[in-house]
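When a ligand or atom number is given, it counts from 1 through the structure's own listing order.
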Amino acid sequence: MKFNTSLLHGGTQGSFGGDPHTGATLPPICFSSAFEQESAERLEQVFHNKAPGFSYTRIGNPTIEAFEKRMTVLEGGVASVACASGMAALFNAFANILQSGDEIVSSASLYGGSIDLLRDLEAFGITTHYVENNDIEAFKKATNEHTRIYFAETIGNPGLDVTDIQKLAAAAHEQGIPLLIDNTVATAFLVKPLSLGADIVVNSTSKYINGNSNSISGVITDSGKFKWNTERYPGMKEFAKFGPFAFTAKLRNGLFRNTGACLSPQNAFYNIIGMETLGLRMERACSNALALAEHIQKTYPTIKVNYPGLPDSHWHEIAEKQFPGYYGAILTLRTGSRESAFSLINALKLPLKVSNIGDTKTLVIHPESTISVHSTEEEKRTAGVFDDLVRVSVGIEDIEDIISDFTQAITQL
Ligand SMILES: *Cc1c(COP(=O)(O)O)cnc(C)c1O
């Protein structure tokens, strides 16, 4: 199946294609905390992963499973675990692999919340080394005998640098390390990181997957291909018998259920509906973003536009190679000063001023004073967060309206 078809029909085996009992065309929302089994023996089997079935929604639920299956098809993995938020998904993905004394080598150009999370992990003896500009050689240099994960975002938020996933995966695998990719900003519409060698992909599905910004959620999808060396990853020992499902089995039988990170069935349902139009929305939002970036760059030379779709972007070459002729729907504008950045945001009438991306509507924010507020000056600099920078998450409005609103706002500066 091609991309848009898979969003509508992918993963329809089992519970997904609607409801086999009633013919409903969408999976019913199963609002039940617990699921009854016919006998004590059967319940025992379910608890021991020896029979299919559900027992308790914190561990699994039919509506959530339907969403997970579609995400697995979308990213081309073997299994997915849906979590209450993107941050819960990132924490669970890291903690499922790491233990005290382990180290992460990460791109410095990360979402502010992820930088905060990696700092929180230090209290548990897990340290992170940051690498600037997606420099693969620098990733290798920062690697030592304690390194257990490489981490990067496909498109850094809000640095908008593009990771060469194939090269970074090869570098990781040379050292026996898995590559974890946050694909939130790019989405599978631009690239499927697992198909380029990444081992685990995390999406904050609160953004483009949900599409309408009506709920928070996150998903971890495993490629099933990484060969866990149980000397280096002792926590995997017990789960090695699950083969390609080792990572997911460890997660679902451990941290995921013990941290209570489960998604609400209602939110899983919203995501199933929202993601049906992911391809259509991304096409429109990406072409709007390109048109807006080109227009501002051409018309207002004092404003510095950062967008991987512009030929002068440092990341244009890899973006062209890795993406299908679309470059994402986020761009940033450097206005010259913090005052100008604030004035621009205040003068815009159409975009919503919110700390979000991936809505159908155009959104703007000043990251330095908001989402990166807990970062140090050094962390902000290396993440590409400056005090004159405005981030725009371009929506699916008519481009004429977006351009005319930015025109009137920039003219006021
Ligand atoms: C929003 C975001 C997250 C966090 O996701 P939540 O669903 O808000 O918890 C993680 N990574 C990136 C790149 C994001 O944009």
Interfacing atoms of ligand 1 (cut-off 4.0 Å, heavy-atom, [X]):
X      : value
Asn157 : 15 (O)
Asp182 : 10 (C), 11 (N), 12 (C), 13 (C)
Ser85  : 7 (O), 9 (O)
Gly86  : 5 (O), 6 (P), 7 (O), 9 (O)
Ser217 : 7 (O)
Ile357 : 15 (O)
Ser206 : 6 (P), 7 (O)

Contact check: [X] vs ligand 1, nitrogen or oxygen atoms, below 3.5 angstrom:
X      : result
Val185 : no
Glu153 : no
Lys207 : yes
Leu90  : no

Task: Protein heavy-atom partner closest to atom 3 (C) of ligand 1 - residue, atom, separation in Å - done: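 Among all protein heavy atoms, the one nearest atom 3 (C) of ligand 1 is Tyr111 CE2, 3.4 Å.
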
**Request:** Report the nearest protein non-hydrogen atom to atom 5 (O) of ligand 1: residue, atom name, distance rounded to 0.1 Å.
**Result:**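 Closest protein heavy atom to atom 5 (O) of ligand 1: Ser204 OG, 2.9 Å.
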
- Query: Does the cation-pi check pass for Lys207 over Tyr111, that is, NZ or CZ under 6.0 Å from the six-membered ring centre and within 45° of its axis?
  - Reply: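 Ring-cation test returns yes.
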
Is the charged tip of Arg334 near the ring of Phe386: under 6.0 Å from the six-membered ring centre and within 45° of its axis?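 Flagged: Arg334 positioned over aromatic ring of Phe386.
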
Next item on the list: Measure the acute angle between the ring planes of His173 and Phe226, then classify it against the limits of 30° and 60° as parallel, tilted or perpendicular.
Entry: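 It falls in the tilted class, 30° to 60°.
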
ask   = Angle class for the Phe139/Tyr150 ring planes (parallel below 30°, perpendicular above 60°, tilted otherwise)?
value =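 The arrangement is tilted - the two ring planes meet at 30° to 60°.
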
- request: May I ask you to check whether Phe189 and Phe3 place their ring centers less than 6.0 Å from one another?
  value: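 Ring centres of Phe3 and Phe189 closer than 6.0 Å.
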
Worksheet item: Quick one: are the ring centres of Phe35 and Tyr56 less than 6.0 Å apart?
Response: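 Centroid distance Phe35-Tyr56: not below 6.0 Å, so no.
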
#### Entry: Evaluation steps, side chain to side chain donor-acceptor pair (under 3.5 Å), between Ser393 and Asp359
CA-CA 8 Å; Ser393 170; Asp359 199 336; over 6 Å; no

### Task
Indicate whether any N or O donor in one side chain lies under 3.5 Å from an N or O acceptor in the other, for Thr72 and Ser80.
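The answer is yes; a qualifying pair exists.
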
Rounded to the nearest 0.5 Å, what separates atom CD1 in Ile200 from atom CZ in Phe247?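 Rounded to the nearest 0.5 Å, the CD1-CZ separation comes out at 4.0 Å.
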
